[in-house]
Amino acid sequence: MIASDLNLYNTADRAVSKFVPLSAGKVGIYLCGATVQAPPHIGHIRSGVNFDILRRWLTAIGYDVTFVRNVTDIDDKILHKAVHEEIPWWAVAMKYERAFSDAYAALNVLPPTYEPRATGHITQMIQLMEALIANGSAYAPGNGDVYLEVRKLKSYLTLSNQKLDDLQSADDADLTYKKDPRDFALWKAAKPGDPSWPTPWGDGRPGWHLECSAMAHAYLGEAFDIHGGGLDLIFPHHENEIAQSESAGWKFANIWMHNAWVTTSGEKMSKSLGNSLQVMEILKKVRGIELRWYLGSAHYRSMLEFSFEALEESSVNFRRIEGFLQRAKELLKREIEPSISAQFAAAMNSDLAVPQALADISELVRIGNSAITENNLDAIAKSASEVRGALSILGCDPFDPVFAGSNNAKTEILDGLIALALEQRTAARARKDFAASDAIRDSLTALGITIEDTPTGSRWTVN
RNA sequence: GGUCGGAUGGCCGAGAGGCGAGGCUCAGGACUGCAAAUCCUGCUACACGGGUUCAAAUCCCGUUCCGACCUCCA
């Protein structure tokens, strides 16, 4: 596989350009993960899915990928939640970190190479602050906070293309200690009752921005290839990461990639929508592989307008593809070997043009289904291989053990029982006793089992 | 106020100057004992007004509407 044709969009220059790794054959990615203060909704997980597809593609074209996704396990909201739920802050963080892990697993998002927690990297954060204070970029005014002095930066706000003076200043900016209202906190002084860690400037806890710079540096070094996150992180979070990291003399991220939102009624999802769009709620209605297919089907930089109708349509589309692969496997009497078609590679290399890839997959399925009708095994195998290869990059391979049914022993028993019923039905059809054969089919349909008569015999699927 | 994005057929969703991506729904057909599945055919769209061009959904100017960020955000 030739890895040199990949083109990616870089938020920093707002253009698609050829991807050149900093170190040949290797890619380092840092993705801003969750602040674990509530169960994940599909917007959170779309980000995970989008970057999982990127990671799988980079791996497929031959890169050795180091993928880091952090967990922010200390922040204001977690502390508020702890008070509200009357449990310790670390219990809140653990509870929701697990909820995210479960959701990622249910959607076949591969575990990151490293998944650092903020609270495990206080030492690295203090070292970074010491360096920033030593070189005059940051200051500790004596109240326990530590701020970065943004006026001193020559290239602040270049990612979001804003001017410092155009920013609306916060109403609650406290200039008692800040030199400028837009200076941001690297470190926050401890309030009574809050968790804290000792520093040379007093006890406190990390600011949100500082942790990502420190962790990205710890696992990927002073410069790495791709930094990802949601569109809403561009400002302030990613600008501030750049500010801290460049002030420390690090080159930091080479390319910035941002995924768009899942929207409802044209608006960004928010908590006011309640629980209905939480991942685990939606998984009561569709399978994980179908939710992933839906979330991954739009281009990662396009807004995805969520509706249950669209989700259902997407599931129907997926079942057609899945049905083809199942039939192909039965006819070929062997596992389908995944392969990557030239069209799929071209689409993915074009800034992960998944919608184009999906159109190509549909065409392959159509060709493959026609090959089944003609019983052309070579053509079936070719289509099926390319479909499976594409699906595996998209994380939606129906034969992936992650998505496999749970209980094999029970499946075997079911298989035997239905085979028995189908034998009866085939016999009835042979003697043209259609009343009897239809009665058997109706009974199975009522149980949620669909019967299809094919030239090579009857097959069944569970709805 | 500053910055950024969007408006495409009944619905979802690509494309970014030149044969109307693809999916879903619906209608008709083939196949089938009837179905199911599959295949074939049909449903000819790009917010509005100008302009550039042989040619505009795509480029330019203007307008309307929708949304995001501006120190909690995927």
Task: Gap between atoms CD and C1', on A:Gln162 and B:rC69 respectively (whole Å) - done: 7 Å

- [ ] Calculate the interatomic distance between A:Leu231 atom CG and B:rU3 atom P; express it in whole Å.
- [x] 17 Å

TODO: With a 4.0 Å heavy-atom cut-off, tell me which residues in residues 433-442 of chain A come close to RNA chain B, sorted by residue number.
DONE: A:Phe434, A:Ser437, A:Asp438, A:Arg441

Task: Where A:Leu283 and A:Ala106 come nearest, the two heavy atoms and their spacing - done: CD1-CB, 3.6 Å

Task: Whole-Å gap separating P (B:rA21) and CZ (A:Arg366) - done: 15 Å

Open item on the list: Would A:Arg46 pass as a cation-pi partner of A:Phe306, given that its NZ or CZ must be under 6.0 Å from the six-membered ring centre and within 45 degrees of the axis?
Closed with: no

- [ ] Rounded to the nearest angstrom, tell me the gap between atom NZ in A:Lys163 and atom P in B:rU71.
- [x] 18 Å

Task: Cationic N near anionic O, under 4.0 Å, A:Arg429 to A:Asp438 - done: no

- [ ] Determine whether any donor atom in the side chain of A:Asp232 lies under 3.5 Å from an acceptor atom in the base of B:rC72, or the reverse, and answer yes or no.
- [x] no

Open item on the list: In whole Å, measure the gap between the C1' atoms of B:rA55 and B:rC39 for me.
Closed with: 36 Å

Task: Residue pair A:Arg425, A:Asp453: steps toward the salt bridge (Lys or Arg N to Asp or Glu O under 4.0 Å) verdict - done: CA-CA 11 Å; A:Arg425 180 167 170 271; A:Asp453 297 328; 2.9 Å; yes

- [ ] Determine the Euclidean distance between corresponding C1' atoms of B:rA37 and B:rA30; express it in Å to zero decimal places.
- [x] 14 Å

Open item on the list: Between B:rG28 and B:rA21, how many Å separate the two P atoms, rounded to a whole number?
Closed with: 26 Å

Open item on the list: Just to be sure I understand the rule, does A:Asp453 reach a base, reach only the sugar-phosphate, or reach nothing, if contact means heavy atoms closer than 4.0 Å?
Closed with: base

TODO: Please measure how far the P atom in B:rU3 lies from the corresponding atom in B:rG23, and state the result in whole Å.
DONE: 42 Å

TODO: Calculate the interatomic distance between A:Asp183 atom CG and B:rU71 atom P; express it in whole Å.
DONE: 14 Å

Open item on the list: A:Trp256 and side chain to side chain contact (heavy atoms under 4.5 Å, CB included): which single residue from A:Ile234, A:Leu233, A:Ile226, A:Leu159 fits?
Closed with: A:Leu159

Open item on the list: Can you tell me if A:Lys268 touches the phosphate of B:rC69, counting only side-chain N or O atoms and a distance under 4.0 Å to OP1 or OP2?
Closed with: yes

TODO: With the side chain of A:Arg425 defined as its heavy atoms from C-beta on, choose the nearest nucleotide among B:rC24, B:rG33, B:rU38.
DONE: B:rG33

Task: Contact under 4.0 Å: A:Ser160 side-chain N or O vs B:rC4 OP1/OP2 - done: no

Open item on the list: Heavy atoms only, 4.0 Å cut-off, all strands: where does A:Arg429 land among base, sugar-phosphate and nothing?
Closed with: base

TODO: Please tell me which of the listed nucleotides, B:rC72, B:rG2, B:rG22, lies nearest to the side chain of A:Asp75?
DONE: B:rC72

Open item on the list: Using the side chain to side chain contact (heavy atoms under 4.5 Å, CB included) criterion, which residues pair with A:Asp76? Sequence neighbours excluded.
Closed with: A:His80, A:Lys188, A:Arg205

Task: Spacing of A:Phe306 atom CZ relative to B:rC11 atom P, expressed in whole Å - done: 18 Å

Open item on the list: What contact category does A:Asn317 fall into here, base, sugar-phosphate, or nothing, at under 4.0 angstrom with non-hydrogen atoms?
Closed with: sugar-phosphate

Open item on the list: Among B:rU71, B:rG13, B:rA74, which nucleotide has an atom closest to any side-chain atom of A:Asn240?
Closed with: B:rU71

TODO: Indicate, with a heavy-atom threshold strictly under 4.0 Å, whether A:His237 touches base, sugar-phosphate, or nothing.
DONE: nothing

Open item on the list: What's A:Leu304 touching, base or sugar-phosphate or nothing? Going by heavy atoms closer than 4.0 Å.
Closed with: sugar-phosphate

TODO: Write down the atom of A:Ser383, the atom of A:Phe324, and the distance for their closest heavy-atom approach.
DONE: CB-CZ, 3.8 Å

Task: salt bridge (Lys or Arg N to Asp or Glu O under 4.0 Å) evaluation trace for A:Asp180 with A:Arg182 - done: CA-CA 5 Å; A:Asp180 184 289; A:Arg182 286 153 297 209; 3.1 Å; yes

Task: Whole angstrom value for the distance that separates C1' of B:rU38 from CG of A:Leu331 - done: 12 Å

- [ ] Kindly point out which of B:rA74, B:rA14, B:rU71 is positioned nearest to the side chain of A:His299?
- [x] B:rA14

Task: Nucleotide B:rA68, atom C1' - distance to CD1 of A:Ile234 in whole Å - done: 10 Å

Task: Rounded distance in Å between the C1' positions of B:rC72 and B:rC66 - done: 24 Å

Open item on the list: Side-chain N or O of A:Asn161 versus OP1/OP2 of B:rU3: is the shortest distance under 4.0 Å?
Closed with: no

Task: Out of B:rC12, B:rC39, B:rA14, whichever nucleotide has its closest atom nearest the side chain of A:Ala298 - done: B:rA14

Task: Side-chain donor-acceptor pair present, A:Asn240, A:Tyr156, cut-off under 3.5 Å - done: yes

TODO: Taking atom C1' in both B:rG10 and B:rG67, compute the distance separating them and give it to the nearest angstrom.
DONE: 24 Å

- [ ] Indicate, with a heavy-atom threshold strictly under 4.0 Å, whether A:Gly43 touches base, sugar-phosphate, or nothing.
- [x] base

TODO: Look at all strands and tell whether A:Val354 reaches a base, only sugar-phosphate, or nothing, counting heavy atoms closer than 4.0 Å.
DONE: nothing

Task: The single option from A:His238, A:His227, A:Arg301 passing side chain to side chain donor-acceptor pair (under 3.5 Å) against A:His258 - done: A:His238

- [ ] Rounded to whole angstrom, note down the C1' distance from B:rU38 over to B:rU32.
- [x] 11 Å

TODO: Would you tell me if any nitrogen or oxygen in the side chain of A:Arg320 comes within less than 4.0 Å of OP1 or OP2 on B:rC39?
DONE: yes

Open item on the list: Give me the distance, rounded to whole Å, that separates B:rA7 from B:rC46 when you measure between the C1' atoms they each carry.
Closed with: 9 Å

Task: Candidates B:rU71, B:rA74, B:rA36 - which lies nearest the side chain of A:Arg182 - done: B:rU71

- [ ] Select base, sugar-phosphate, or nothing to describe what A:Glu312 touches, counting heavy atoms under 4.0 Å on all strands.
- [x] nothing

Open item on the list: Which is more 5' along RNA chain B, the nucleotide nearest A:Glu305 or the one nearest A:Phe235? Just name the residue.
Closed with: A:Glu305

